[in-house]
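Working notes for the structure below.
Each chain gets a letter, A, B and so on, in the order the sequences are listed, and its residues count up from 1.
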Amino acid sequence: MWALFWTALKKEWAIMRSYGLNFFMQFVTLILVFVFLYFGLGYVGGGPKVSQTQEGLMVGYWLWVGIIMSLSNFSWNVMQYAQQGLLEQLYMTPWRLRGILAVEAAASFVIYFLSNLGLLLFFMLITGRWLRLEPVTTFLLYVATLLPGYGLGYLLAGLAMRYKNIAQLFNVLQFVMAGLLTLPVDRYPWLNVLPFAQGVRMLITHVRHGTLAWQFPWPAWAVLVGQTLVYFALGLTLYGRLENAARERGLLAHY
Amino acid sequence: MAESWALEVRDLRKVYPHRPPVEAVRGVSFRVAEGEIVALLGPNGAGKTTTLKCILNLVKPTAGQVRVYGRDHNDQRFLYRHVAAVLEGNRNIFWRLTPRQNLETFAIYAGVPSRLARRAVERWLHFFGLEGLNRETRHLSRGQQQKVALAAALVRETPLLALDEPTLGLDVEAKRDLVALIRRLAQDEGKTILLTSHQMEVVQALAHRVIVIQNGRVVVEDTPDGLRQLFAAQAYVLTLRLPPGTDLAPLAARWQARLEGQTNGEVRVRVMLPQAAALYRLFADLEALGAEVRSLTPDMPDLEEAYLRLLGHPPPTARYPPTSTL
C-alpha cells in the first residue's frame, strides 16, 4: 500500500511540475483575488467587527482554495483519463478505478495541503495578521472539512464517466462551495448538516479563541466526523452506480 | 492430454441499453490456446472491440461465459493479474510522464511488488529500446508512444495480452517494427495474444488463427492460410491471345475479370468463379470472343480479398469499364 501511495505521489508531483507555469499562475490569481477581497472588505466594512470578519474571510478563503484545488484536481484527472483512455487501464488493476482514484487523491491532497500552507503564510504576510494556528488541530480540522469534498469529487468523477462533459457543472459548483463555506450556522444550526459548514465554524473558533482539537465538545466532533463520513460514503456509492452504468453502456473509454 | 486454454468465450452476448437497444454481440464463442496469437477480424461496428471489452470486463456482458485460465472473468483480481490490454488508440498512457515513469506507475498500480516491478521496468524498456527516452511521452513519435503503451501493459507480466488495433496510425516502418516485436512476444516470451485489427497484412503476419466477426457473430474461424485456401480455387489467372479490338466488357461483367498484364499480343486476365465447375462456362464465353487460352493457373487471394469475399463484398479489383477494348 505504501508503494502504491508513494508511486501516486511521485506521479502527481511529476505531472504538477509539468504544468508548472499553470500552477504558478493559479497561485498568483488566488493571491490577487484574496488581496481584493480582504482589503475591499476592510475598506467597505468599517466598524469594530471588521477584524473578526477578515479573520473569517482568511480562514474561509483558505479552506475554499483547498476544497476547490482538491476537487478540481480530482475531477480534472478523471476527465483527462477519460480523454486518454486511461480509465480503462486504471480499471484493470486489482484496486479497481475507485481505489486508484482514492490513492491519487490522497497523494495530491498531501501536495496541495503543503502548497496551501504556503499560500496561507503568504496571506498572513500580506495582511500582517498572524493567525494563531496549532498544527495538530489545524491539520485535523482541515482534513475533516475537506473529506466531504472528496465524496463530491467521486460523484463528479462518476458523472464525468457517465455523462462526459461536466465542466459547466464544476464551474457552478465552485460558487456553491463558496456559499456552503459562508453559511450562517450560528443562527441556523440545522445548516450544519450541509458539507463543510461545521468544519469552517470549528476552524474559525480555533483561530479566534485558540480552542484546541481536544477542547471542542464531543457533539461538535460527532457532527463533523459524521458529516464527513456520510458525504464521503454517499459520493462513493453514487460513483459506484455511475461506474456500473458506464460499464453497462460501454462508456468507460469514450469521451 | 487436454489442451490448456488461456481463454474460453462461450455464447457471449451484449445488448447496449440504448434507445433502441443495440445488439452488439450475438452469441460469440471461441477459445484461445496458450501461446497462440488469435486475431479478431471484422468491419467497423462488427462487435470485435465490444467482444474484447466484455472479455476484459470493461463492458458488462448481457449473457455468456468468459473463462481466463479456467477462472470466471468476474473474479477481477485473478483476471487482471492474468490479462493486460492496450486499447482505444493505443496511447492510453500518462502523456506528462516519461516512458520510465509510465512503466513504474503502471507496474505498481497493477499490484506488481516493488522489487519485481523495478526488474520488469528495465526489462521492457530494454525490449522496446526505450531506455534512452527521458522526455514526456507526449513529445514522442506515435510509434514510440505505442511502444510505451505496449510496454506499460507488459510490465504487469501477465501471460495473456489483448491488443486493440495495435498498429493503427503507424507509418510503414513503425508498423513493421511493432509487428516484429509483437511476434517476438509470442515466440520468445511465450505470451498468448488476442488482437483486433483492420490491417490484413498485420493479421497475416502475426495470427495463428483468425476469427471473423460480422454483425456480432462469428462468421468463420480458421488459420490465415486456411482462410485464403477457402477461396483459392475460385480465382484464376488466364493468359489469352485475343483478336484485335476485342471488347472485354462482357467478360468483366460476368466473371469479375481484371487485367493483370499485357505482353507480345497476349493478355493476362484474373477472373473470379463462383465454383470450379463454372470454368466450362468461362471457356465457352472466351470461345465466343475468339480468345485463345494459352495458360490457366489457380490464383491464391491475399487475406484481405478472402476476408472481403467472406463478408460478401466485391473483391477490390479495378474492373474494366464497360466500353473497354483491347
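- Only the side chain of Leu97(B) comes within less than 4.5 Å of a heavy atom in chain A; its backbone stays farther off.
- The 12-atom threshold is not exceeded at CZ of Arg241(A), counting heavy atoms of other residues, nucleotides or ligands nearer than 6.0 Å.
- With a threshold of 4.5 angstrom between heavy atoms, Ala8(A) approaches chain B through its backbone and through its side chain.
- Within residues 100-115 of chain B, the residues having any heavy atom less than 4.5 Å from a heavy atom of chain A are, in residue-number order, Gln101(B), Glu104(B), Thr105(B), Phe106(B), Ile108(B), Tyr109(B), Ala110(B), Gly111(B), Ser114(B).
- With a 4.5 Å cut-off on non-hydrogen atoms, Glu243(A) does not touch chain B at all.
- Atoms OH and CG, on Tyr16(B) and Leu251(A) in that order, are 8.5 Å from each other to the nearest 0.5 Å.
- If you take CG on Leu252(A) and NZ on Lys60(B), they are separated by 11.5 Å, rounding to the nearest 0.5 Å.
- The structure places NZ of Lys53(B) at 3.5 Å from CD of Glu88(A), a figure rounded to the nearest 0.5 Å.
- For a heavy-atom cut-off of 4.5 Å, chain B lies close to Thr93(A), Pro94(A), Trp95(A), Arg96(A), Ile100(A) in residues 93-100 of chain A.
- Crowding of His139(B) atom NE2: a count of heavy atoms from other residues, nucleotides or ligands under 6.0 Å exceeding 12.
- For chain B, no part of Leu87(A) is nearby; none of its heavy atoms comes within less than 4.5 Å.
- Side-chain contact between Met92(A) and Thr158(B) is absent, with no heavy atoms from C-beta onward closer than 4.5 Å.
- More than 12 non-hydrogen atoms from other residues, nucleotides or ligands lie less than 6.0 angstrom from OH of Tyr19(A).
- Lys14(B) places a side-chain N or O within 3.5 Å of a backbone atom of Glu248(A) that can act as its donor or acceptor partner.
- Counting only distance, with no hydrogens or angles, the side chain of Arg247(A) and the backbone of Asn57(B) share a donor-acceptor pair below 3.5 Å.
- Heavy-atom minimum distance, Gln89(A) versus Val86(B): NE2-CA, 4.0 Å.
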